There are 2 protein chains.
Amino acid sequence: MNTPNHYPDRTVERLCTYRRTLRRCLDEGKARVFSHQLAAAHQATPAQVRRDLMTIGFSGSPARGYDVAGLLEFIGDILDPPSGTAAVLVGVGHLGRALLAHFTRDRSPLHVAAAFDNAPAKVGVDVHGCPVHPLDALERVIGETRATVGIVAVPGDVAEDIALRLVTAGIRGLVNFAPVILHLPSDVTCEDIDITVSLEKVAYHARHARAHVA
Amino acid sequence: MNTPNHYPDRTVERLCTYRRTLRRCLDEGKARVFSHQLAAAHQATPAQVRRDLMTIGFSGSPARGYDVAGLLEFIGDILDPPSGTAAVLVGVGHLGRALLAHFTRDRSPLHVAAAFDNAPAKVGVDVHGCPVHPLDALERVIGETRATVGIVAVPGDVAEDIALRLVTAGIRGLVNFAPVILHLPSDVTCEDIDITVSLEKVAYHARHARAHVA
DNA sequence: CATTGTGAAGCCCTTCACAGCT
DNA sequence: AGCTGTGAAGGGCTTCACAATG
């Protein structure tokens, strides 16, 4: 088993967050880190960190830990496509605007190339630096931008229709903020972010809090 | 093993979403559902649904499935505190505003009782029906509203300070939108929603898409 | 005879524990 | 002495498969 061409979801997730910590290390001039330091910055154990790095095939040295710059580049090679990834957003409501603002502030290799909304008043202007197109232009603009990721920030009752249009237009992965499960072809990745559910879960666990080990 | 006083995280999560589906059923006048129908509306198998309902101790009938109204009430008794839950939000930026808009539109038993921001220009007005207070008032307002859940929508570099203040003021659960891991007492629940990480994950999986069974 | 309820099996991820290295 | 690399064990969640039920 050499480098597999895909890693477990949880590992990918942690790689994304390790990367942020590593960038901070570089900013602070730290050239090397130990697994227990990376672990402390996350909610993880040193063993977990070592296992993740083993999984992706990155080695450190017992005496000096892991090379920050080297690891950062190594993770980048796994996570980032050579040519950068373009995303599109559908639904320029309150949440959509906030997301656009969010992504312009970010130093991720991802960028939101275009947004769509069906309200004529929202179309034609740039929102936080992102052009807003009418929904009709969805297929055309996705083709032009070669976007592969879509962000669904529309009401639940139209989310699935929009998602299917995105997929038909060439989108391969979705982040869905609508409070519904999308029924999609099985080769399309979908990550649901359901804010209400998250709040309800936290409220539940807060009421039933059980102290763990410190 | 009678009713334990807390259920696994994944089960709680699904209960939240089942509830939404059940409400839709009631709206449509459907009085009974089968496990496979609930499963189809989620990304779940019928066995998973039956297991969840078994876990919480709710029974159906082989001939007629599960009673929608009864199950809805049963789940409500588990998820909702008798007196409702108040939440507070810190950080009335783009995302904070979007979240306030989101929660006013929701028929969840949770409500956001107050928001906080340190920018004087934002303080004193209502945003989507929610009063915005200065940060100084955090402890006082949490005491008055008896809020138990906090939403962190501030920049990463101040998120942990804010979170610790919330906890000290009596908050028992957090939803964290800042792109950092919060180090909190172990009896405080925290759910991280990291939008950038979600996008990066989806972009990764979209590139490495492997077709599953349809 | 389609559906529920459920012990048992399976799977995946995390953690342990220790050998090997510097 | 302290850290990495890793086989093996552990734990929790999901799925299977089938007896029980109306």
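Here is the naming used below: chain letters follow the sequence lines, and residue numbers restart at 1 for every chain. Bear in mind the structure is a predicted one, so any value in this text is a computation, not a measurement.
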Here the distance between atom P of D:dT21 and atom CZ of B:Phe34, to the nearest Å, is 18 Å
B:Glu13 CD to D:dG12 P, in whole Å, measures 18 Å
How are the rings of A:His94 and B:His128 set to each other: parallel, tilted or perpendicular (split at 30° and 60°)? perpendicular
Heavy atoms of B:Arg207 and A:Ile78 approach each other most closely as NH2-O, 3.1 Å
So, with a heavy-atom separation below 4.0 Å from DNA chain C, the residues of residues 35-50 of chain A are A:Thr45, A:Gln48, A:Arg50
dist B:Asp192:CG -> A:Glu13:CD (nearest 0.5 Å) comes out at 9.5 Å
Residues B:Ile195 and A:Phe177: closest non-hydrogen pair is CG2-CZ, 4.2 Å
Q) Just by modelled atom types, is the A:Thr45 backbone N or O under 3.5 Å from a matching donor or acceptor in the A:Gln48 side chain? A) no
Heavy atoms of B:Ile193 and B:Val175 approach each other most closely as CD1-CG1, 3.8 Å
- Strictly by modelled atom types, are A:His102 and B:Thr196 linked by a side-chain donor-acceptor pair under 3.5 Å? yes
Less than 4.0 angstrom from a charged side-chain N to a carboxylate O is my criterion; do B:Asp194 and A:Arg20 meet it?
yes
To the nearest angstrom, the CG-P distance between A:Leu53 and C:dT14 comes to 13 Å
To the nearest angstrom, the CZ-C1' distance between B:Arg32 and C:dT3 comes to 13 Å
A:Arg51 CZ to D:dG11 P, in whole Å, measures 17 Å
Please determine if a side-chain N or O atom of B:Arg14 lies less than 4.0 Å away from the OP1 or OP2 oxygen of D:dT14.
yes
Looking at C:dT14, does its base get a donor-acceptor pair with the side chain of A:Arg10 below 3.5 Å?
no
Quiz item: Would you call A:Arg14-A:Asp9 a salt bridge at under 4.0 Å N-O?
Solution: no
Under a 4.0 Å heavy-atom cutoff, the residues of residues 57-77 of chain A touching DNA chain C are A:Pro62
Separation of D:dG5 atom P from A:Met54 atom CE, nearest Å, is 9 Å
